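Below, chains carry the letters A, B, ... as their sequence lines are ordered, and counting in each starts from 1. Worth saying up front: this structure is predicted, and the values here are computed from it rather than measured. FYI, side chains are in, hydrogens and waters are out, and symmetry mates aren't considered; it's all heavy atoms of this structure.
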Number of protein chains: 2
Amino acid sequence: MTDAPPPSSSPSPSSSPSPSSSSPKAPDASRRSERSRRAILDAALELVGENGFAKLTIEAIAARAGVGKQTIYRWWPSKAAVLFEACVPEGIDPASIELPDTGDIAADLKTVLRATVDDLNNERLDAPTRALTAETANDPELGRALTEKVLEPQLQSYVRRLRAAQEAGQVDPDIDLRIALELLVGPLFHRWQTRTLPLTHAYADTVVDLTLRGLTPRP
Amino acid sequence: MTDAPPPSSSPSPSSSPSPSSSSPKAPDASRRSERSRRAILDAALELVGENGFAKLTIEAIAARAGVGKQTIYRWWPSKAAVLFEACVPEGIDPASIELPDTGDIAADLKTVLRATVDDLNNERLDAPTRALTAETANDPELGRALTEKVLEPQLQSYVRRLRAAQEAGQVDPDIDLRIALELLVGPLFHRWQTRTLPLTHAYADTVVDLTLRGLTPRP
DNA sequence: ATCTAACGAGACGATGCGTCTTGTCAAGAC
DNA sequence: GTCTTGACAAGACGCATCGTCTCGTTAGAT
């Protein structure tokens, strides 16, 4: 329910006065209707919840939002991009982007991975997240955006917390923290994607315990 | 290149003579044209290689295969199902389904995970695998088939090899082998899916080393 | 040899695509 | 205060593909 920061369009509102040169497009972002934008994003989220991503249609979004189709095509390259923008503002909790640091790395990791498990089990987030992740296979541009804006910032916060643990002597200094992070996150992601077994807090805890046994300094 | 076993239809060739009762459909599998079936699967593989899964079309498959559309709709529920059947026979190497056992669990796991890395980096397998994995999000039935016929058998072979290691005293007897397997496979899968960093043999080796450090028996 | 259902071909209406056209309207230019 | 401009809602348009449905034709079961 954040007030949706302008999607990083209009980078420098006064830089180049003649947008005519390079591309034949370039709509004027300053004249954009925020009202329509919100209606489109809301409609997309509603419809994806009702019918799933496969049945999501630009025409349906436009109709539900009371908007012309052109208004969607003008500002987004695909329905996936619409859904992405609709999800990200409420999918990312700014407070959760930094991992807690109580000094107990095991406890902190469990806290965060349990929260991740809860998110992945949350019906409201699960469907759109799965849809976007899937669409990544056909839409590399979307994949890059998803990684850069959502995934990577979270992963980096793991790395920071692990580095603190490393400096506190709780993690072997020789270990590549990027890989350490993947050891923790990968198994959760795997279960979520494959739906082979239920994603539970107990599972998250065990992953943390077993992984940390491999990360602790050796005598 | 296996000669395509009849898709497990016609379970008992003489059991119930009247297939008319329950469903209004039920085509006669014994009269099915193997020639058409192969042409369809081949055409699907070709087209997916040429244009990607997103642009794959039932009509295009039918045209390329020299087949009526109905022949596809009669035997497969979706284009994903066609691609699945087209991939599975050559995607599964019967020899690779059992992990090697040289007595050295670390070496054996590295051998297999390196091979997995190679498969995932193989252009020919990568595109269809990604497409099928993605389609799983919208098509739970396909997801179940993929898990049951391809994924789970492979995972079980990991569990067997890990059990042997456990009995040989190389893995802590208290550890849940199902979770141990996910610690190994999850990180690989994560990198493949997110494309955050390249999937290399070195990565596979490090994952094995670090994970095994956590799995070895504690004094 | 007969029967029958799968087959290749393609017509059909329904959808959704992405583009284009029309008239309305509000914000910036003058 | 008028004028200009470009985003806007609405929806028509041609196209692609969908999934269903005939047609004769043909090959396998009996």
Side-chain angles (χ1 to χ4, degrees), chain A residues 6-7 9-10 13-14 17-20 23-41 43-44 47-48 51-83 135 138-139, chain B residues 6-7 9-10 12-20 23-41 43-44 47-48 51-82 135 138-139:
Chain A
S9 311
S10 62
S14 57
S18 62
S20 56
S23 65
K25 325 171 184 187
D28 184 346
S30 70
R31 304 181 67 157
R32 182 170 186 182
S33 160
E34 174 64 15
R35 190 177 183 284
S36 299
R37 180 177 159 276
R38 278 257 46 101
I40 288 164
L41 298 180
L47 288 169
V48 108
N51 309 319
F53 180 75
K55 292 182 185 169
L56 186 63
T57 269
I58 297 274
E59 302 214 312
I61 297 175
R64 172 76 61 103
V67 141
K69 290 199 289 175
Q70 195 61 255
T71 302
I72 299 181
Y73 286 112
R74 178 152 42 229
W75 301 108
W76 290 276
S78 67
K79 65 179 183 175
V82 176
L83 191 59
E135 203 59 10
N138 304 322
D139 186 343
Chain B
S9 309
S10 64
S12 40
S14 59
S15 57
S16 46
S18 62
S20 57
S23 65
K25 324 172 185 185
D28 184 345
S30 69
R31 305 181 66 157
R32 182 171 184 182
S33 161
E34 175 64 15
R35 190 178 183 285
S36 299
R37 179 178 159 276
R38 278 258 44 103
I40 289 164
L41 298 180
L47 288 168
V48 108
N51 311 320
F53 182 75
K55 291 182 186 171
L56 185 63
T57 270
I58 297 274
E59 302 212 313
I61 297 175
R64 171 76 62 105
V67 142
K69 289 198 289 175
Q70 196 60 256
T71 303
I72 298 180
Y73 286 113
R74 178 150 44 229
W75 301 107
W76 290 277
S78 66
K79 65 178 184 176
V82 175
E135 204 60 10
N138 304 322
D139 186 344

remark   = In terms of heavy-atom contacts, A/Ser78 and A/Asp139 come closest through OG-OD2, 4.0 Å
task = Mark yes when over 12 heavy atoms from residues, nucleotides or ligands other than A/Arg74 sit less than 6.0 Å from its CZ; otherwise mark no.
result = yes
task = Flag this pair as yes if the NZ/CZ of A/Arg32 is under 6.0 angstrom from the six-membered ring centre of A/Trp75 and inside a 45 degree cone about the axis; otherwise no.
result = yes
request  = Could you list where the contact with chain B starts and ends along DNA chain C, reading 5' to 3', using a 4.0 Å heavy-atom cut-off?
outcome  = C/dT4 to C/dA11
Earlier contact from the 5' end, DNA chain C, for B/Val67 and A/Tyr73 = B/Val67
task = Rounding to 10 degrees, work out the angle separating the end axes of the helix from C/dA1-D/dT30 to C/dC30-D/dG1 (five pairs an end).
result = 30°
key: Contact interval (first through last nucleotide) of DNA chain D with protein chain A, 4.0 Å heavy-atom   = D/dT5 to D/dA12
inquiry  = Are A/Ile40 and A/Trp76 packed together at the side-chain level, in the sense that at least one heavy-atom pair is separated by less than 4.5 angstrom?
reply    = yes
message = Let me confirm one number: the CG-CD1 distance from A/Leu47 to A/Ile58, rounded to the nearest 0.5 Å.
response = 11.0 Å
ask   = Do you know the tightest heavy-atom contact between A/Ser30 and A/Asp28?
value = OG-OD1, 2.7 Å
query = Between the main-chain N or O of A/Ala60 and the side-chain N or O of A/Thr57, is there a donor-acceptor pair closer than 3.5 Å?
reply = no
task = Please tell me if the side chains of A/Leu83 and A/Lys79 come closer than 4.5 Å, counting only heavy atoms from C-beta onward.
result = no
ask   = In Å and rounded to the nearest 0.5 Å, what is the NZ to CD1 distance from A/Lys69 to A/Ile61?
value = 12.0 Å
ask   = Given that B/Glu59 and B/Asp28 both sit by DNA chain C, which one's nearest nucleotide is further toward the 5' end?
value = B/Asp28
query = Of B/Lys69 and B/Arg31, whose nearest nucleotide on DNA chain D comes first from the 5' end?
reply = B/Lys69
query = Say you draw a straight line from CG of A/Asn138 to NZ of B/Lys55; how long is it, rounded to the nearest 0.5 Å?
reply = 11.0 Å
Residue mapping more 5' on DNA chain D - nearest nucleotide basis, B/Gln70 or A/Gln70 = A/Gln70
